[in-house]
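A quick note: this is a predicted structure, and the numbers were derived from the prediction, not measured.
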Amino acid sequence: MSEFAIQFLNSEDQPITQETVAEVVEGIRKDRISDAWLGLDEYGEEEFLSVDLRDGWAAICFNTYEGGNDAHMYMPVNPAYADSESNEDSPVDIGGQTPIGKRNALDDLNLAADCVYHFAKTGELYPGVKWEKDSLDS
């Protein structure tokens, strides 16, 4: 049995080992990668965590289907911007194209890496940050 809950990491060809997961997590901590994709199904299409990085910021999104066809996306709440009235755009975009506000992007890459590692191990959102749920329009 695998020590990880995920069944997909970045591509169908990338094996899920302690080394490959550690490489992704370290790449996030050091701001050396631009994105990562972790899926709970073997093709990374059903329930997945996507991570986009840019200029020391991380956009982390967990996409899931609850109740069949009801799609939702969970994003972390940045503690530094949690009470902000403004939702100024962060430097990072979701998927390289959708702007994300500083409220829902992390500027602490160690925290972002912790979120990714926890998800890889457990298949659950990291309990060390608050997560917000948004419905996705189909």
Gap between atom CD of Glu124 and atom SG of Cys115 - 0.5 Å precision: 13.0 Å
Atom pair CG (Leu40) and CG (Asn63), whose distance is rounded to the nearest 0.5 Å: 11.0 Å
Can you list the residues that meet the salt bridge (charged side-chain N to carboxylate O under 4.0 Å, His left out) rule with Glu46, with sequence neighbours excluded? none
If the condition is side chain to side chain contact (heavy atoms under 4.5 Å, CB included), which residues does Ala120 pass it with, not counting sequence neighbours? Phe4, Ile6, Val21, Leu38
Whichever hydrophobic residues join Phe48 through chains of side-chain contacts under 4.5 Å: Phe8, Trp37
Give a yes or no answer on whether the side chain of Ser34 reaches the backbone of Leu53 with a donor-acceptor pair at less than 3.5 Å. no
Locate the shortest heavy-atom distance separating Val77 from Ala82; write the atom from each residue and the value. CG1-CB, 3.7 Å
Same hydrophobic cluster for Leu125 and Val25, using side-chain heavy-atom links shorter than 4.5 Å among ILVMFWY? yes
Should Trp131 and Leu111 be regarded as members of a common hydrophobic cluster, given that ILVMFWY residues are connected when their side-chain heavy atoms come within less than 4.5 Å of each other, either directly or indirectly? yes
Report whether Leu49 and Tyr126 are members of the same hydrophobic cluster (ILVMFWY, side-chain heavy atoms less than 4.5 Å apart, transitive linking). yes
Find out whether Val24 and Leu9 are in side-chain contact, i.e. whether some heavy atom of one side chain is under 4.5 Å from a heavy atom of the other. yes
Closest heavy-atom pair and its distance - Gly123, Ala5: N-CB, 3.3 Å
Is the distance between the ring centroids of Phe62 and Phe119 under 6.0 Å? yes
Which residues pass the side chain to side chain donor-acceptor pair (under 3.5 Å) test with Asp52, sequence neighbours left out? none
Do side-chain atoms of Asp31 reach the backbone of Gly56 as a donor and acceptor pair under 3.5 angstrom? yes
Heavy-atom pair with the smallest gap, counting every atom of Ile28 and Ala113: CG2-N, 3.7 Å
Val129 and Tyr74: same hydrophobic cluster, using ILVMFWY side-chain contacts below 4.5 Å? yes
With sequence neighbours left out, what residues match Lys121 under salt bridge (charged side-chain N to carboxylate O under 4.0 Å, His left out)? Glu3
For Asn110, enumerate each residue passing the side chain to side chain contact (heavy atoms under 4.5 Å, CB included) test, keeping only those at least two apart in sequence or located in another chain. Arg29, Asp108
Can you tell me how far OG of Ser50 sits from CD1 of Ile94, rounded to the nearest 0.5 angstrom? 7.0 Å
What residue among His72, Lys133, Glu47 forms side chain to side chain donor-acceptor pair (under 3.5 Å) with Thr64? Glu47
Give a yes or no on whether Ile33 and Val116 share a hydrophobic cluster (residues Ile, Leu, Val, Met, Phe, Trp, Tyr; joining criterion: side-chain heavy atoms under 4.5 Å apart). yes
Under the rule for side chain to side chain contact (heavy atoms under 4.5 Å, CB included), what residues qualify as partners of Asn78, not counting sequence neighbours? Trp57, Ala80, Tyr81, Leu106, Asp107
Regarding Arg103 and Glu132, does a basic nitrogen lie under 4.0 Å from an acidic carboxylate oxygen? yes
Quick note, side chain to side chain donor-acceptor pair (under 3.5 Å) partners involving residues 5-19, not counting sequence neighbours, are Asn10-Gln14, Thr17-Glu19, Thr17-Thr20
For Glu42, the salt bridge (charged side-chain N to carboxylate O under 4.0 Å, His left out) test, sequence neighbours excluded, returns none
Could you tell me which residues satisfy ring pair (Phe, Tyr, Trp, His ring centres under 6.0 Å) with Tyr117, sequence neighbours excluded, listed by chain and number? none
Output the distance between atom SG (Cys61) and atom CD1 (Ile100), rounded to the nearest 0.5 Å. 5.0 Å
